[in-house]
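It should be emphasised that the depicted structure is a prediction, and the values quoted were computed from it without experimental measurement. As a basis for the values below, the full set of heavy atoms in this structure was taken, side chains included, without hydrogen atoms, waters or symmetry mates.
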Amino acid sequence: MRISLWALGFALATLTPGIASAQAAPVLFDAAGLKTMAADAKRYPLFAAEFERTKKAVDKAMRAGIVVPVPKDPGGGFTHEQHKRNYMALYGAGLLYRITGDKAYADFARTMLLDYAKLYPTLGPHPAKANEAAGRLFWQSLNDSVWLVYGIQGYDAIRDTLSPADRETIDTNVFRKMAEFLSVGNAKTFNLIHNHATWAAAGVGMTGYVLHDPELVARALKGTDKSGKAGFLAQVDQLFSPDGYYTEGPYYQRYALQPFVVFADAIQANQPDLKIWERHGGVLPKAIRSTIQLTYDGYFFPLNDAMPDKSLKTDELYQAVAIGYAATRDPSFLSIAKWQGRSILTPAGLAVARDLAAGKAQPFAYASQLFRDGPNGDQGALAVLRSSAEDDAEVLVAKNSAMGMGHGHFDKLSWILYDGGNAIVTDYGSARFLNIESKDGGRYLKENESWAKQTVAHNTLVVNETSNFGGKWKVGEDLAPKQLFFSGGDVLKASTAEMAGAWPGVTFRRTLVQLPLGKGSPVVLDLLRVTGGAPATYDLPLHYAGHITDVGFPLQSNAATRPVLGTANGYQHIWVDATGTPTADTATLTWINGGRFYTYRMLPPAGSKVILGESGANDPRFNLRREPVLIQRVTGAKDAVFVSLLEPHGSYDAAAETTVASASQIKALRHVRTADGDLIMIEPVKGATVIVAVADDVTAGKQHTAQVDGRAIRWTGHIARIDAAGVK
């Protein structure tokens with residue numbers, strides 16, 4: 001077992017320095033795995049392709065020569081990108097040396113690290129530092145931690161090739177100094193329960209294993225004071241829910257997953273007694289699976305501070321899938337690796353390639369699922385409703401989760417929708433151009449605060465043109481929604497959640513139902529009930545993707561001028577293109593997206609109007625994407641009920657120039673409030689009327705009765721579908 005070798009190495013280093021030099025063999029990768037990797041590098045197609053890809057990149061870096069520049073630039077600038085290229089080249093060179101035995105790779109890594117040994121001790125805070133904790137090599141310490149995570153793995157692979165003098169120089173002036181800076185020297189960040197601290201802990205902990213330094217390992221596992229209130233183990237316990245949901249959302253779950261699994265793999269190799277893969281109910285393997293579940297067509301749901309173009313084809317997920325497979329032998333991970341078309345150049349990556357070539361892959365089971373939030377699963381949830389397991393099936397995501405720390409958005413009880421391979425009801429994600437230097441150095445733009453985080457930028461209730469919690473995320477950390485009901489079964493797919501305290505005196509409850517009607521994609525029923533303490537203006541935005549093909553009600557268009565909707569809290573970024581006051585019979589908007597039509601049908605509250613707008617106002621630097629929005633607005637009411645139905649229908653074939661069912665296939669939508677619930681009647685153009693009954697009481701098995709049009713309606717439980725065949 002490698003724990004004994006690691007412990008022996010530390011003892012020898014303490015007692016007999018001469019013998020200790022022999023204890024420089026890799027500790028982050030097992031010896032047998034490295035030998036197998038060397039023997040079978042070209043045997044299995046996926047691994048052979050990874051070997052060639054890495055070899056090509058590292059050989060190119062070697063031909064270009066080693067450049068270790070004095071840090072100067074923010075994200076996207078030359079020095080920033082060069083230090084990124086360096087840690088990737090160092091990591092790749094180390095692995096190539098273990099596979100090929102070619103000393104040139106080890107020498108390249110050695111020379112680069114000796115250059116860093118000269119530079120690193122001279123560095124102070126980065127000259128382009130911003131609000132975040134400053135790094136030395138990069139503008140924020142997070143990037144320094146990423147450098148360390150990659151760099152220490154590359155160094156571990158070649159450390160036993162070095163002379164004692166070179167090893168001491170690199171140990172001391174690069175890795176020990178960097179580990180000290182990122183832990184003790186940056187203790188405020190290191191002791192957070194946050195992804196920045198996870199990257200730092202992973203780098204420092206693996207450095208401790210490689211340098212045979214139990215102090216660094218203990219610091220990484222339990223925080224700088226080693227009390228256990230901070231550090232990697234506390235992060236595992238507190239950043240994931242029992243379902244493996246990461247509190248900052250899917251995008252940051254992707255990013256944070258790499259240090260979690262890479263360091264867990266190192267812990268398992270060196271301290272298996274910690275049983276890291278079993279900790280917190282086996283949450284790390286669950287986290288890998290949930291990260292994959294939180295995607296559509298491979299792309300992550302763009303919730304909170306997310307970029308919409310991140311998919312499973314990222315280095316973080318190549319690492320997570322390979323390491324997760326090595327730890328669990330879950331054959332569904334192999335199908336994900338096949339879809340990715342990539343793996344990693346480690347023994348874990350070899351295992352994936354070998355078993356994939358042997359035909360052991362099984363489909364990954366995408367399914368409707370509730371992902372509870374919070375370490376105890378009691379801080380709301382993310383409800384994912386999938387109409388089927390097909391790649392282009394309709395997927396509804398109800399975001400009823402907690403704040404998500406500083407990267408969270410003020411979007412309680414929001415939702416998004418995918419259908420036919422496209423985003424239909426959208427979330428803006430973050431206002432950022434990652435690593436594009438001309439856009440504020442690739443950092444988050446000021447519009448991330450003024451627009452992307454604000455409640456009106458999401459598909460949920462807004463009260464008096466203000467955002468949840470007054471726009472203060474730390475207040476939001478103490479107030480999470482309650483997930484009251486979830487069903488992802490074949491008969492009923494629905495979610496109900498409630499939020500109190502997002503605005504003083506206001507409570508709102510939202511039920512979203514995925515309802516099959518005929519052969520096409522299901523319709524989505526949205527019932528939102530607001531109870532307030534004083535008259536207010538209630539807005540319900542719908543951000544959608546597509547081009548309007550029909551509006552069912554008269555519009556007053558702003559053809560000559562383009563007024564702005566408001567002055568703050570995101571409203572200053574909305575152009576008002578048109579307004580209207582629809583009736584219950586005319587309140588529809590239809591758009592086309594991806595060859596399919598979508599009709600949004602509303603039952604407007606009394607006295608309400610509809611606003612058609614677009615993002616991009618008050619944006620002189622063109623930082624915002626121009627995206628359409630519909631807003632239902634009611635003014636002066638204490639309470640309000642919004643009932644809406646989104647209907648996919650028809651098709652358009654541009655090549656054949658054919659259009660089918662471009663008009664809504666629903667004749668009418670009605671809503672009746674009963675003594676203890678709501679009945680929504682959906683009348684198709686063809687077929688029988690369907691009633692969705694939603695009781696106020698969420699108790700399972702409770703009987704409910706209501707009268708509609710002289711007919712007694714009975715159902716059991718919180719939600720039921722009722723038609724001519726009775727309760728279903």
Side-chain angles (χ1 to χ4, degrees), residues 67-88 90 112-113 115-152 172-207 216 219-220 223-225 230-232 235 248 252 255-256 258-259 305 405-407 430-446 448-449 473-474:
V67 179
V68 180
V70 175
K72 179 181 67 173
D73 305 305
F78 169 74
T79 61
H80 179 97
E81 294 304 309
Q82 184 60 38
H83 288 298
K84 284 175 58 181
R85 286 189 287 267
N86 284 349
Y87 69 64
M88 291 304 297
L90 172 60
M112 181 189 291
L113 287 170
D115 283 354
Y116 272 102
K118 294 175 184 176
L119 174 68
Y120 194 79
T122 71
L123 299 178
H126 195 282
K129 65 180 180 179
N131 295 329
E132 292 82 358
R136 295 290 190 259
L137 294 173
F138 300 93
W139 67 276
Q140 62 172 343
S141 63
L142 170 63
N143 299 82
D144 286 54
S145 298
V146 176
W147 193 104
L148 183 57
V149 167
Y150 280 96
I152 193 61
T172 301
N173 291 333
V174 181
F175 292 102
R176 194 173 297 282
K177 283 188 180 297
M178 192 175 288
E180 289 294 325
F181 162 65
L182 290 171
S183 56
V184 175
N186 200 22
K188 183 178 179 181
T189 297
F190 191 79
N191 289 325
L192 291 173
I193 305 299
H194 190 271
N195 79 78
H196 288 210
T198 306
W199 278 99
V204 170
M206 289 193 293
T207 299
L216 288 180
R219 197 182 295 170
T224 54
D225 65 0
F232 186 76
Q235 291 158 13
E248 292 183 281
Y252 271 91
Y255 184 66
Q258 183 174 348
D305 276 347
M405 298 189 287
H407 285 300
S430 64
R432 184 184 190 185
F433 293 80
L434 185 62
N435 276 359
I436 296 179
E437 190 175 12
S438 61
K439 288 296 189 180
D440 288 0
R443 303 183 181 108
Y444 287 104
L445 300 164
K446 66 177 183 179
N448 199 56
E449 300 295 326
W473 72 265
K474 290 186 178 179

Quick one: side chain to side chain contact (heavy atoms under 4.5 Å, CB included) partners of M88, sequence neighbours excluded?
Y150
Contacts of D115 that satisfy side chain to side chain donor-acceptor pair (under 3.5 Å) - sequence neighbours left out
none
Is D144 reaching over with its side chain to a backbone N or O of L137, donor-acceptor style, under 3.5 angstrom?
yes
Who are the side chain to side chain contact (heavy atoms under 4.5 Å, CB included) partners of K439, not counting sequence neighbours?
F433, I436, L445, N623
Test of understanding: with side chain to side chain donor-acceptor pair (under 3.5 Å), list the residues that count as partners of T189, not counting sequence neighbours.
none
Once salt bridge (charged side-chain N to carboxylate O under 4.0 Å, His left out) is applied, do any residues pair with R136, and if so which ones, sequence neighbours excluded?
none
CG-NZ distance between L113 and K118, expressed to the nearest 0.5 angstrom
12.5 Å
Return all side-chain donor-acceptor pairs below 3.5 angstrom for residues 67-79, not counting sequence neighbours, or 'none' if the list is empty.
from: D73; atom 1: OD2; to: F78; atom 2: N; distance (Å): 3.1
from: D73; atom 1: OD2; to: T79; atom 2: N; distance (Å): 2.9
from: D73; atom 1: OD2; to: T79; atom 2: OG1; distance (Å): 3.1
from: T79; atom 1: OG1; to: K72; atom 2: N; distance (Å): 3.1
from: T79; atom 1: OG1; to: D73; atom 2: N; distance (Å): 2.9

E437 meets the side chain to side chain donor-acceptor pair (under 3.5 Å) criterion, sequence neighbours left out, with none
Run the salt bridge (charged side-chain N to carboxylate O under 4.0 Å, His left out) test against R176 and tell me which residues pass, sequence neighbours left out.
D213
Sequence neighbours left out, what passes side chain to side chain donor-acceptor pair (under 3.5 Å) with N173? Give chain and number order.
none
Only counting residues at least two apart or in another chain, list the ones meeting side chain to side chain contact (heavy atoms under 4.5 Å, CB included) with Y444.
Y252, D305, H407, S430, R432, N448
Validation row, ring centre Y116 to ring centre W147 under 6.0 Å
yes
For D225, what residues pass the side chain to side chain contact (heavy atoms under 4.5 Å, CB included) criterion, not counting sequence neighbours?
S227
For K177, give me all partners under salt bridge (charged side-chain N to carboxylate O under 4.0 Å, His left out), at least two apart in sequence or on another chain.
none
